[in-house]
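I have placed the structure first, in the form of structure tokens, so that the comments after it can refer back to it.
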Amino acid sequence: MSTPDPEDVVATLVEQRIELVRLSYPDLIGVDRGRDILTHHLPAACAHGLSFCRAVYHTSPRGDVVDVAGGLDTGLPDICVRPDLDTLVPVPWEPGVAWCLGEPVDPATGLPCPESPRDLLRRVVADLAAEGLAAVVGPELEYFLLDRDETAPAGWRRYADVTGQVYTVGRKGDPAGHLPATLRALDALGIGAISGNREFDGGQFEINLSHSAALDAADRAWRFKTAIKEIAHAEGRLATFMAKPFNDTGGSGFHVHVSCVDTEGHNAFADPSGAHGLSDTARHAIAGLLEHAPALAALLNPTVNSYKRFGPDTLAPWLIDWGLDNRSAMLRVPPERGVGTRLELRLGDASANPYLAVAGVVAAVLLGIRAKAAPPAPLQGYGYDRARAAVLPMTLSGSLDALAADTALTEVLGKGFVTAFVSYKRDELERFRRHVTDWEFGEYAYHL
């Protein structure tokens, strides 16, 4: 594909009355970082790039710069980010603005920035391509929509907080019409939104995205999360993809549907003559995902809060198992076969960085295929029985230890990335360890 000529792009944007181009890229945890560019300055930005401090990759949600190699230790050097004009699209909810993804590189080497989640996924996809396969991914994300309420403990209450609204549509469960308006905006954005509904808990929604090549799917999932938060802000609300924002509700998941196609475009997971209609390749992929699940938890459940979503009767997977059309298993094989044959990894929560989540899943699939590993028998009946399956790490600390110890997965993801990610997240653990929580005050202050 030829690179668009920036001057031609500017001429088109002027015709569309686009005055600003919003350049953004994901940091290590998936926060969108970027800069607005006046349209007539776009060619210069393409030619020379825009400078950002590399430590933005290592900046916490509270604005602290974490001491990760390549940041503070090297004097806070720059990275250079150029617009990817192939990703340029008008922003439906902000007239006069177009949005494109950025390509971060190290100006000293001209190579992709080591912490770039998008380039990490590119590398993993290339490794799978060397096996003659390409991953096809369908992201499935949930989120909570909140209204401002100064009387609520955190200053926010759940929007339209009525129980029993799962799989409902219309004003009964969505009196302000958030979902139809959001679906229209996402459709205009062109990120493959298909459908949406109210989810299990009050104020919770799910919107489904179409399946596509792994990098494109991660691009769309990341833009989806960014867009949902922007649309909510425009409504005067807050949308959160936090794993479990409230004690009295469940959490929000990030399910990753994955299949592989061969060089001729045939679904490599399908085999009508194989057990359960699955090919050997699919069985190897299942085994790889099961084997590397403890390490994957660090990427798909990446916060202290993530592990408060786990536990018996939560419908969030916390055992390492797989099943045929069984939603109580960590890895579900949906009932479709033929071109629709795929795996659904239900491990992740919505706080995960889509690029890292997809990269981890594809890497585990690749390792299973390379090893020609065989999975155990599928789960029968309702799961969540410790006697039948191993338990996932139940804390962020445990999953980080598992990631650091998984040498095979580290080799695919890259030691530099894994070291940076683990260092960043262990700082989060240390900050949480020192923080006095509301629970502690309520538990101890009066009586002790």
Side-chain angles (χ1 to χ4, degrees), residues 1-59 63 65-66 68-91 94-123 125-126 189-191 215-216 218-220 222-223 226-227 230 353-356 414 416-417 420 424:
M1 181 183 295
S2 61
T3 302
D5 181 83
E7 297 289 353
D8 292 341
V9 171
V10 167
T12 300
L13 293 176
V14 169
E15 289 178 4
Q16 297 173 338
R17 297 185 179 180
I18 299 293
E19 300 158 346
L20 292 172
V21 173
R22 179 156 297 158
L23 171 76
S24 64
Y25 59 97
D27 70 5
L28 205 57
I29 58 174
V31 175
D32 54 313
R33 308 288 181 177
R35 193 171 294 165
D36 286 344
I37 309 165
L38 287 165
T39 298
H40 58 275
H41 286 291
L42 183 62
C46 293
H48 306 295
L50 300 176
S51 294
F52 291 82
C53 178
R54 180 175 170 183
V56 73
Y57 280 115
H58 320 143
T59 301
V65 177
V66 180
V68 174
L72 290 172
D73 63 323
T74 54
L76 301 171
D78 273 351
I79 58 172
C80 181
V81 182
R82 287 184 173 86
D84 179 353
L85 297 181
D86 287 325
T87 66
L88 193 65
V89 61
V91 178
E94 196 159 352
V97 178
W99 180 17
C100 74
L101 302 183
E103 295 283 9
V105 299
D106 182 341
T109 65
L111 298 174
C113 187
E115 297 95 337
S116 169
R118 199 168 182 234
D119 282 294
L120 168 63
L121 179 53
R122 278 199 183 102
R123 296 197 304 272
V125 166
L189 191 62
I191 61 169
L215 180 60
D216 179 70
D219 281 343
R220 292 185 296 106
W222 182 73
R223 290 185 117 162
T226 302
E230 286 289 304
N353 181 335
Y355 294 99
L356 303 188
F417 161 75
Y424 178 92

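Hydrogens, waters and symmetry mates play no part in the numbers below; they use all other heavy atoms, side chains included.
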How far apart are the closest heavy atoms of [X] and [Y], and which atoms are they?
| X | Y | value |
| --- | --- | --- |
| Cys100 | Pro83 | SG-CB, 3.7 Å |
| Cys113 | Ile79 | SG-CG2, 3.7 Å |
| Pro43 | Pro6 | CA-CB, 3.8 Å |
| Gly102 | Val81 | CA-CG1, 3.7 Å |
| Pro90 | Leu189 | O-CD1, 3.8 Å |
| Leu121 | Ala218 | CD2-CB, 3.5 Å |

Working for side chain to side chain contact (heavy atoms under 4.5 Å, CB included), residues Phe417 and Asp119: CA-CA 11 Å; Phe417 161 75; Asp119 282 294; over 6 Å; no
What's the spacing between [X] [atom1] and [Y] [atom2] if we round to 0.5 Å?
| X | Y | atom1 | atom2 | value |
| --- | --- | --- | --- | --- |
| Arg82 | His48 | CZ | NE2 | 9.0 Å |
| Asp106 | Glu115 | CG | CD | 9.5 Å |
| Leu23 | Asp32 | CG | CG | 11.0 Å |
| Asp36 | Ser24 | CG | OG | 9.5 Å |
| Leu42 | Ile18 | CG | CD1 | 11.5 Å |
| Thr39 | Arg17 | OG1 | CZ | 13.5 Å |

Can you find a heavy atom in the side chain of [X] that is under 4.5 Å from one in the side chain of [Y]?
| X | Y | answer |
| --- | --- | --- |
| Val21 | Val9 | no |
| Pro104 | Phe52 | no |
| Thr87 | Trp99 | no |
| Arg54 | Pro114 | yes |
| Leu101 | Arg223 | yes |

Partner of Arg118 by salt bridge (charged side-chain N to carboxylate O under 4.0 Å, His left out), out of Asp84, Asp27, Asp216: Asp84
Determine whether a donor-acceptor pair (N or O, by modelled atom type, separation under 3.5 Å) exists between the side chain of [X] and the backbone of [Y].
| X | Y | answer |
| --- | --- | --- |
| Asn353 | Leu28 | yes |
| Arg33 | Tyr57 | no |
| Arg22 | Val91 | no |

Residue pair Val31, Thr59: steps toward the side chain to side chain contact (heavy atoms under 4.5 Å, CB included) verdict: CA-CA 10 Å; Val31 175; Thr59 301; over 6 Å; no
